[in-house]
Amino acid sequence: MKRQHIQAGASLIVGFIFALGLGISGMTQPQKVIGFLQLGQGWDPSLMFVMLGAIPVNAVVYFLVRRKTSPLLDTRWHVPTSREITKPLMLGSALFGFGWALGGYCPGPALTSLGAGSNSAILFVVFMFLGMILQRGYQRWIKS
């Protein structure tokens with residue numbers, strides 16, 4: 001079996017596990033996410049416990065895995081190396097947060113919710129891809 005097929009199979013399995021975790025934790029329910037982001041009366045802290053449970057597990061696994069020179073199914077790590085905080089990064093982060101708060105989805109849960117046929121997820125994903133296309137066009141425009 002070719003290495004690319006093994007990578008694709010592993011990606012599919014990991015993506016399925018990730019989607020399962022998003023569904024079980026409630027991250028695919030926009031009302032739950034908005035309830036978490038809405039401070040004050042009606043605040044739903046349950047997603048905080050999901051994050052607080054995930055951070056230590058991820059920190060330990062990440063520490064152990066990064067000690068290896070490369071991942072099992074690739075020749076090098078694909079992680080961001082820049083530590084620079086730029087205006088485009090800040091603008092993109094603000095747009096990401098605005099879209100998350102407005103729609104109740106971030107990209108992973110939105111893509112996961114497509115499988116359930118959610119109309120709000122379909123609308124979110126369409127605009128997410130539109131934003132990605134606009135961003136690429138903007139990057140090409142400023143480089144030319």
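Just so you know, residue 1 is the first one in the sequence shown, and it goes up from there. Worth knowing before you read on, the calculation uses all heavy atoms, side chains too, and leaves out hydrogens, waters and symmetry mates. For clarity, every value in this text was computed on a predicted model and none was experimentally measured.
Here the side chains of Thr112 and Met27 are not in contact, with every heavy-atom distance at 4.5 Å or above. Here the side chains of Met128 and Phe96 are not in contact, with every heavy-atom distance at 4.5 Å or above. A heavy-atom distance below 4.5 Å is found between the side chains of Ser113 and Thr28. A heavy-atom distance below 4.5 Å is not found between the side chains of Met132 and Arg136. The side-chain heavy atoms of Asn119 and Ile122, taken from C-beta on, include a pair separated by under 4.5 Å. In this structure, Val79 and Arg66 have side chains that are in contact, with non-hydrogen atoms separated by less than 4.5 Å.
No continuous path of hydrophobic side-chain contacts links Leu111 to Ile24 [ILVMFWY only; heavy atoms under 4.5 Å]. Cluster annotation: Phe49 and Val57 are assigned to distinct hydrophobic clusters (Ile/Leu/Val/Met/Phe/Trp/Tyr, side-chain heavy-atom contacts under 4.5 Å, transitive). Under the 4.5 Å side-chain contact rule for hydrophobic residues, Val14 and Ile17 do not share a cluster. Leu39 and Met48 fall within the same hydrophobic cluster, where Ile, Leu, Val, Met, Phe, Trp and Tyr residues are linked whenever their side-chain heavy atoms come under 4.5 Å apart, directly or through other members.
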_Under the criterion side chain to side chain contact (heavy atoms under 4.5 Å, CB included), I'd like the reasoning laid out for Trp43 against Gln38: C-alpha separation, chi angles, the key distance, then a yes or no._
CA-CA 6 Å; Trp43 180 57; Gln38 175 184 345; 5.7 Å; no
*Does the side chain to side chain contact (heavy atoms under 4.5 Å, CB included) test come out yes or no for His5 and Lys2, once each step is laid out?*
CA-CA 5 Å; His5 294 133; Lys2 287 185 175 182; 3.5 Å; yes
*Given Phe36 and Met51, is the side chain to side chain contact (heavy atoms under 4.5 Å, CB included) satisfied, shown in steps?*
CA-CA 12 Å; Phe36 174 70; Met51 292 180 215; 3.7 Å; yes
*Given the rule in the side chain to side chain contact (heavy atoms under 4.5 Å, CB included) test, do Phe16 and Leu12 qualify, once you have shown the distances and angles that lead to the verdict?*
CA-CA 6 Å; Phe16 178 76; Leu12 188 64; 5.8 Å; no
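Looking at every heavy atom in both residues, Gly104 comes nearest to Ile34 through CA-CG1, 3.9 Å. Heavy atoms only, all atoms of each residue included: Lys32 and Asp44 are closest at NZ-OD2, 3.4 Å. Residues Gly103 and Pro30 approach most closely at O-CB, 3.6 Å, considering heavy atoms.
Taken to the nearest 0.5 Å, the CZ atom of Phe124 stands 9.0 Å off from the CG atom of Leu102. Note: Leu73 CG to Ser11 OG = 8.0 Å, rounded to the nearest 0.5 Å. The line from CG of Leu72 to CD of Gln7 is 11.0 Å long, rounded to the nearest 0.5 Å. Between atom CG of residue Leu123 and atom CZ of residue Phe127 there is a gap of 5.5 Å, rounded to the nearest 0.5 Å. Between the CG atom of Leu22 and the SG atom of Cys106 there is a distance of 7.0 Å, given to the nearest 0.5 Å. Atoms CD and CG, from Gln29 and Leu47 in turn, are 8.5 Å apart once rounded to the nearest 0.5 Å.
Side-chain N or O atoms of Trp77 include one that pairs as donor or acceptor with a backbone N or O of Lys68 at under 3.5 Å.
The neighbour count for Arg3 CZ, taken as heavy atoms of other residues, nucleotides or ligands under 6.0 Å away, is above 12. Heavy atoms from other residues, nucleotides or ligands lying under 6.0 Å from CD1 of Ile85 number 12 at most.
A donor-acceptor contact closer than 3.5 angstrom links the side chains of Ser118 and Tyr105.
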